[in-house]
There are 2 protein chains.
Amino acid sequence: MFRQDAILDLAFQALADPSRRAMVDRLVQGPATVSELAKPLAMSLPGVMQHLAVLEASGLVISEKVGRTRTCKIDPKVLSQAEHWIAERRALWERRLDRLGQFLDETKDD
Amino acid sequence: MFRQDAILDLAFQALADPSRRAMVDRLVQGPATVSELAKPLAMSLPGVMQHLAVLEASGLVISEKVGRTRTCKIDPKVLSQAEHWIAERRALWERRLDRLGQFLDETKDD
DNA sequence: ATAACACTTAAGTAGATGCTTAAGTGTTCA
DNA sequence: TGAACACTTAAGCATCTACTTAAGTGTTAT
């Protein structure tokens with residue numbers, strides 16, 4: 001549906017804010033309501049709602065309202081994709097260093 | 001020197017832009033000059049310089065000027081820290097699911 | 001010396017972001 | 001029924017971001 005690029009834009013943007021990372025931190029321990037997410041944050045409830053909207057738009061978090069409470073939880077798919085993007089680049093970078101070291105070894109007897 | 005939180009703010013913020021990710025993508029293949037980084041991007045050179053400044057401020061990239069050319073390369077430390085932050089959260093989330101499954105197994109014979 | 005090159009600085013701008021307060025909506029409990 | 005609760009919407013505002021163009025600076029090749 002979405003380009004990988006757009007997914008990563010939203011995911012990294014969502015993770016770039018410490019309040020949102022704190023919310024993710026809380027949610028990896030298990031589902032929580034909006035109020036529970038808000039409690040440790042020095043911020044108004046609408047502020048928290050806006051952060052939640054960013055997390056949901058990125059696909060990192062999903063929520064469902066039952067009665068008057070909204071329960072939020074992690075969806076790990078986008079988290080995986082972000083992790084994978086970084087891991088892949090680190091691997092490429094390391095692979096290049098290995099090749100470079102090998103080349104230097106092979107040519108050191110000049 | 002810097003709080004882990006501040007490092008991650010800058011790292012994820014830096015990775016949230018597709019032009020900057022393209023620059024990282026190029027740099028994992030090996031060092032490049034500013035012009036080389038700029039070539040595939042549909043953007044003025046000062047625009048590229050500003051993206052480079054963001055990447056350097058985050059610690060993802062380091063650069064050095066020799067003569068009139070500036071050569072940029074990846075510094076993998078911050079990339080590792082960002083990857084680690086995500087990996088840790090995913091692990092916590094999965095561990096919780098495991099405990100949950102175990103609990104359900106243990107109590108299914110009611 | 002001089003022209004081309006590879007950035008670099010400065011200044012301006014449209015739109016996004018991260019809050020706020022005030023005023024809702026719908027749900028649940030006494 | 002009515003108060004308390006758990007959000008939700010709307011509007012406003014100060015920054016911050018991602019560009020742009022125009023005008024530099026210092027380096028290198030001719």
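Residue B:K65 places none of its side-chain N or O atoms closer than 4.0 Å to OP1 or OP2 of D:dG26. For D:dT21, neither phosphate oxygen OP1 nor OP2 lies less than 4.0 angstrom from any side-chain nitrogen or oxygen of B:S44. Contact between the side-chain N/O atoms of A:T69 and the OP1/OP2 oxygens of D:dC7 is not found at any separation under 4.0 Å. For B:H51, a side-chain nitrogen or oxygen approaches OP1 or OP2 of D:dC19 to under 4.0 Å.
Here the side chain of B:R20 pairs no donor or acceptor atom with the backbone of B:L15 at under 3.5 angstrom. Side chain of A:R21 to main chain of B:D5: a donor-acceptor pair is present (N/O by atom type, distance under 3.5 Å, no hydrogens or angles).
Counting to the nearest Å, the P atom of D:dT20 and the CG atom of B:L45 are 11 Å from each other. Going from atom CG of A:L55 over to atom C1' of C:dG18 covers 13 Å, rounded to whole Å. Taking atom CZ of A:F12 as the reference point, atom P of C:dA16 lies 22 Å away to the nearest angstrom. Across the protein-nucleic acid pair, B:L10 atom CG and D:dC16 atom C1' stand 13 Å apart, rounded to whole Å. Look at CG on A:L52: it is 14 Å from P on C:dC19, rounded to the nearest Å. Note: CZ (B:R70) to P (C:dT8) measures 4 Å, nearest angstrom. A straight line from CE of B:M49 to P of C:dA11 spans 17 Å, rounded to a whole angstrom. The distance between atom CG of A:L41 and atom P of D:dC7, rounded to the nearest whole Å, is 14 Å.
Rounded to the nearest 0.5 angstrom, A:E36 CD and A:T69 OG1 are separated by 9.0 Å. B:Q50 contributes atom CD, which lies 12.0 Å from atom OG of B:S19 (distance to the nearest 0.5 angstrom).
For the residue pair A:E56 and A:S63, a side-chain donor N or O sits within less than 3.5 Å of a side-chain acceptor on the partner.
Where B:Q13 and B:G47 meet DNA chain D, the nucleotide closest to each residue was compared, and B:Q13 sits on the side nearer the 5' end. When each of A:V66 and A:D17 is assigned the nucleotide of DNA chain C bearing its nearest heavy atom, the one mapping closer to the 5' terminus is A:D17.
Relative to the side chain of A:Q50, the nucleotides C:dC19, D:dC7, D:dT17 differ in distance, and C:dC19 lies closest. With C:dT8, C:dT20, D:dC7 as the candidates, the nucleotide lying closest to the side chain of B:P46 is C:dT8.
With hydrogens and angles ignored, no donor-acceptor pair closer than 3.5 Å exists between the side chain of B:R68 and the base of C:dC7.
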